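One structure is given here, and the rest of the page talks about it.
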Amino acid sequence: MDAFRQRGCAIVGIVVDPVETNAELARDAGLDYRLLSDPDLRVIDAYGLRHVGGHDGHDIALSASFLVDGDGIVRWSFITRNFRVRPTPDDVLAALDALLRAR
């Protein structure tokens, strides 16, 4: 996490679960970044990430990672239907460093 913060990058998770579930998850997993609750899928829909009937018939979000600049523009993304497939921190840092160099 420090490598991201040193580059001025804030990390935020957005999930469909209610606030109480997020708080428990963050506490149990020892997360040191924010988890935001989006049970109505408003943000998830804004990014086109709704997976209809994805879990026990309930709509969920696709697994996604984004780098968003200070103006709110998505500069890099990784989206997958398989929640087990995610970019490594090194992959995201490499993308972030490339964006920072391009400035």
Side-chain angles (χ1 to χ4, degrees):
M1 294 300 183
D2 287 339
F4 289 96
R5 290 186 181 108
Q6 289 169 356
R7 291 165 173 83
C9 184
I11 298 173
V12 178
I14 301 174
V15 296
V16 299
D17 300 317
V19 172
E20 299 78 20
T21 302
N22 292 344
E24 184 178 329
L25 171 65
R27 183 182 59 251
D28 292 350
L31 301 180
D32 65 348
Y33 57 89
R34 288 185 181 188
L35 282 182
L36 303 179
S37 183
D38 187 22
D40 297 327
L41 291 98
R42 289 184 185 139
V43 174
I44 290 161
D45 284 343
Y47 282 86
L49 298 173
R50 185 186 291 236
H51 182 146
V52 177
H55 179 69
D56 295 332
H58 293 78
D59 293 357
I60 61 171
L62 295 173
S63 177
S65 300
F66 295 98
L67 290 174
V68 181
D69 71 12
D71 294 322
I73 298 170
V74 175
R75 298 295 182 179
W76 177 88
S77 66
F78 181 94
I79 302 169
T80 180
R81 290 188 173 275
N82 185 343
F83 71 91
R84 290 183 177 96
V85 176
R86 297 180 187 237
T88 67
D90 286 340
D91 293 336
V92 181
L93 284 170
L96 178 58
D97 287 341
L99 291 170
L100 292 172
R101 281 192 302 272
R103 280 195 201 175

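Scope of the values below: all heavy atoms of this structure, side chains included, with no hydrogens, waters or symmetry mates. What you see is a predicted model; the values in this text were computed from it and never measured.
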Stepwise side-chain contact (heavy atoms from CB on, under 4.5 Å) check, Val16 with Ile44: CA-CA 8 Å; Val16 299; Ile44 290 161; 3.2 Å; yes
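Here Leu49 contributes atom CG and Asp59 contributes atom CG; the two are 12.5 Å apart, rounded to the nearest 0.5 Å. Atoms CG and CZ, from Leu67 and Arg75 in turn, are 11.0 Å apart once rounded to the nearest 0.5 Å. Note that CD of Glu24 is 12.0 Å distant from CG of Leu35, once rounded to the nearest 0.5 Å. Atom CD1 of Ile14 sits about 11.0 Å away from atom CG of Leu41, to the nearest 0.5 Å. With values rounded to the nearest 0.5 angstrom, Asp97 atom CG is found 6.0 Å from Arg101 atom CZ.
Grouping the Ile, Leu, Val, Met, Phe, Trp and Tyr side chains by contacts below 4.5 angstrom, directly or via other members, places Val92 apart from Val74. Residues Val15 and Phe83 are members of separate hydrophobic clusters, defined by side-chain heavy-atom contacts under 4.5 angstrom among Ile, Leu, Val, Met, Phe, Trp and Tyr. Side-chain heavy atoms closer than 4.5 Å link hydrophobic residues (I, L, V, M, F, W, Y) into clusters, and following such links, even through other members, never connects Leu96 to Val68. In terms of hydrophobic clustering, with Ile, Leu, Val, Met, Phe, Trp and Tyr side chains grouped at heavy-atom distances under 4.5 Å, Leu36 and Leu62 are assigned to a common cluster. The cluster map of Ile, Leu, Val, Met, Phe, Trp and Tyr, joined by side-chain heavy atoms under 4.5 Å apart, puts Trp76 and Phe4 in the same cluster.
Minimum interatomic distance between Val19 and Ser37 (heavy atoms only, all atoms of both residues): N-OG, 3.5 Å. Across Ala64 and Ile79, no two heavy atoms sit closer than the pair CB-CG1, 3.9 Å. Pairing each heavy atom of Pro87 with each of Ser65, the nearest pair is CG-OG, 3.7 Å.
When side chains are defined from C-beta on, Tyr33 does not count as touching Val12, because their heavy atoms never get closer than 4.5 Å.
By the side-chain contact (heavy atoms from CB on, under 4.5 Å) test, Thr80 pairs with Ser63, Phe78, Asn82, Val85, sequence neighbours left out.
Residues Asp32 and Arg5 are paired through a salt bridge, judged by an N-O separation under 4.0 Å between the basic side chain and the carboxylate.
Counting only distance, with no hydrogens or angles, the side chain of Arg7 and the backbone of Ala3 share a donor-acceptor pair below 3.5 Å. Not a single donor-acceptor pair under 3.5 Å links the side chain of Asp71 to the backbone N or O of Ile73.
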